[in-house]
Amino acid sequence: MKIANVKGRLSIVVADGQAVDVETASAGKFSSSIHEAYEQWGAFSAWAKTVDASSASTFADADLDSPVPTPRQIFAIGMNYAKHAAEGGFSVPEEPTIFTKFQSCITGPFAQVPILVDGKNDWETELVAVIGKTARNVKAADAFDYVAGYTMGQDISERVTQGKGPAPQFSFAKSFEGFGPTGPVLVTLDEFADPNDIELGCSVNGDVRQSDSSNDLVFSVPELIEYLSARLTLYPGDLIWTGTPSGVGLGRKPQVYLNVGEELVTWGKGIGEMRNKIVAAK
Ligand code: ZN
């Protein structure tokens with residue numbers, strides 16, 4: 001199942017460009033709020049399997065907003081691909097390196113991304129796991145039962161701010177307005193042949209900058225859920241940004257960053273494609 005945020009309303013995608021409005025189709029049993037669906041994911045996903053596709057209407061890419069617009073918690077993992085750790089001058093961590101992105105940076109899959117023109121604004125393509133059930137002390141073997149599905153994320157990062165100060169400012173420098181495109185849809189795990197092997201990548205103006213698979217993750221999605229839930233509670237609708245593969249601008253020789261007017265295209269196999277235009281921040 002694929003779910004989408006069509007003009008702010010919870011929708012089920014039944015074919016390319018075709019979605020069923022959940023509140024209408026369920027006669028109000030489920031509201032138009034996507035976040036509410038995560039909070040009752042078991043009941044919602046059971047009902048969603050019975051939906052009548054003939055009641056779908058068409059939507060355009062521009063109608064899509066983030067499929068996870070208001071996560072209570074956002075976890076992001078640093079250096080979680082060995083080649084990316086190496087290009088940043090880090091060794092592969094022995095435990096997950098965790099920071100957050102602030103909720104206000106979350107934006108849609110086709111939204112404009114505003115950048116500070118005197119900054120060094122970088123791309124980081126990431127597979128994002130969305131929690132579908134409250135999780136505490138969950139073992140890796142059971143962890144996928146707690147995942148509503150996957151979406152894609154672009155962990156846009158302003159490297160000058162990130163490196164300023166006595167300690168790195170990952171959370172702030174990765175949370176400027178518009179720095180969290182997510183989407184284009186949420187896809188449930190039954191749609192993937194192997195939920196530990198999702199091909200992902202990005203291009204800038206057609207030039208491929210990243211291309212890898214989540215089977216290269218240092219810490220897999222189940223391992224991250226076990227690690228996090230051993231220390232805190234994960235809530236429905238929370239996000240785990242699983243880290244980025246190699247190929248970021250910071251790690252290139254010479255370094256290269258995003259420029260105003262460029263189009264950043266981010267994809268995940270089985271999830272789809274986001275297209276974000278880079279604009280100057282006001
Ligand atoms: Zn990242």
Side-chain angles (χ1 to χ4, degrees), residues 1-13 19-24 26 28-45 47-48 59 61-77 98-114 124 126-136 146-157 170-172 174-189 221 224-225 228-229 232-242 266 268 271-272 274 276:
M1 176 176 62
K2 294 183 169 75
I3 77 164
N5 179 346
V6 179
K7 294 183 174 173
R9 296 181 64 83
L10 171 62
S11 305
I12 300 169
V13 178
V20 172
D21 182 89
V22 168
E23 187 176 56
T24 306
S26 72
K29 182 167 192 270
F30 298 99
S31 83
S32 62
S33 158
I34 295 200
H35 191 78
E36 280 181 31
Y38 295 125
E39 292 191 328
Q40 44 183 327
W41 187 252
F44 169 71
S45 53
W47 171 83
F59 66 90
D61 286 349
D63 295 332
L64 294 179
D65 206 336
S66 169
V68 277
T70 53
R72 189 180 330 195
Q73 304 184 95
I74 304 172
F75 303 95
I77 316 301
I98 303 190
F99 58 95
T100 187
K101 285 173 80 76
F102 307 145
Q103 193 201 82
S104 60
C105 78
I106 297 291
T107 190
F110 300 97
Q112 294 184 337
V113 171
E124 290 196 357
E126 309 207 5
L127 178 69
V128 177
V130 183
I131 297 297
K133 188 160 67 165
T134 300
R136 180 82 171 107
Y146 294 79
V147 175
Y150 286 154
T151 190
M152 293 305 298
Q154 251 305 337
D155 181 17
I156 307 282
S157 306
F170 286 110
S171 297
F172 180 50
K174 292 164 172 279
S175 293
F176 292 179
E177 184 181 45
F179 273 21
T182 48
V185 295
L186 173 125
V187 183
T188 52
L189 299 187
V221 171
L224 292 170
I225 289 172
L228 285 163
S229 76
L232 48 78
T233 301
L234 299 171
Y235 294 104
D238 282 358
L239 305 184
I240 302 174
W241 293 55
T242 57
T266 308
I271 300 170
M274 303 194 289
N276 298 100

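Just so you know, these numbers use all the heavy atoms, side chains as well, and skip hydrogens, waters and symmetry mates.
Taking the side chain as every heavy atom from C-beta outward, K2 and T188 never approach each other to under 4.5 Å. T242 places a side-chain heavy atom less than 4.5 Å from the side chain of V221. With a 4.5 Å cut-off on side-chain heavy atoms, L234 and F75 count as touching. Using a 4.5 Å heavy-atom threshold, the side chains of M1 and I12 count as touching. Residues D155 and K101 are in side-chain contact: their nearest non-hydrogen atoms beyond the backbone lie under 4.5 Å apart. Within the 4.5 Å cutoff, side-chain heavy atoms of I131 are placed close to those of I240. Within the 4.5 Å cutoff, the side chain of I106 has heavy atoms near those of the L239 side chain. Contact annotation: the side chain of W41 never approaches that of P236 to less than 4.5 Å [non-hydrogen atoms, C-beta and beyond].
Shortest non-hydrogen contact noted between A37 and L10 is CB-CD2, 3.6 Å. Scanning both residues, M274 and P184, for their nearest heavy atoms gives CG-N, 4.0 Å. Nearest heavy-atom pair across S229 and A135 is CB-O, 3.8 Å. Minimum interatomic distance between S11 and D21 (heavy atoms only, all atoms of both residues): OG-CA, 4.3 Å. In this structure, A19 and V6 approach most closely via the heavy-atom pair CB-CG2, 4.4 Å. Across I34 and P67, no two heavy atoms sit closer than the pair CG2-O, 3.1 Å.
Residue E177 qualifies as open at atom CD: its count of foreign heavy atoms under 6.0 Å is 12 or below.
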Working note: D63 + F110, criterion side chain to side chain contact (heavy atoms under 4.5 Å, CB included); need CA distance, chi angles, decisive distance, verdict.
CA-CA 9 Å; D63 295 332; F110 300 97; over 6 Å; no

Between C105 and F176, does a side chain to side chain contact (heavy atoms under 4.5 Å, CB included) hold up when you go through it step by step?
CA-CA 6 Å; C105 78; F176 292 179; over 6 Å; no

Between T151 and V185, does a side chain to side chain contact (heavy atoms under 4.5 Å, CB included) hold up when you go through it step by step?
CA-CA 6 Å; T151 190; V185 295; over 6 Å; no

For R72 and E39, run side chain to side chain contact (heavy atoms under 4.5 Å, CB included): C-alpha distance rounded to whole Å, both residues' side-chain angles, the deciding distance at 0.1 Å, then the answer.
CA-CA 11 Å; R72 189 180 330 195; E39 292 191 328; 3.9 Å; yes

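Each of F170, W241, F172 was compared with F99 under the ring-ring contact (aromatic ring centres under 6.0 Å, His included) criterion, and only F170 meets it. When each of T100, T233, D238 is paired with Q73, the side chain to side chain donor-acceptor pair (under 3.5 Å) condition holds for D238 and for no other.
In this structure, T107 contributes its side chain and A111 its backbone to no donor-acceptor pair below 3.5 Å. Using a distance-only test at 3.5 Å, with no hydrogens or angles considered, a donor-acceptor pair links the side chain of Q154 to the main chain of E124. Using a distance-only test at 3.5 Å, with no hydrogens or angles considered, a donor-acceptor pair links the side chain of N5 to the main chain of S66.
Ring orientation note: the planes of H35 and Y38 are nearly perpendicular, at an angle over 60° on the 30°/60° scale.
Side chain to side chain, K174 and S157 meet the donor-acceptor criterion of an N or O pair below 3.5 Å. Side chains of S31 and E36: a donor on one and an acceptor on the other come within 3.5 Å.
With respect to D65 and K7, no salt bridge is recorded, no charged nitrogen being found less than 4.0 Å from a carboxylate O.
For the atom pair OH of Y235 and CZ of R136, the computed distance is 9.5 Å after rounding to the nearest 0.5 Å. Remark: E126 CD to Y150 OH distance equals 13.5 Å, nearest 0.5 Å.
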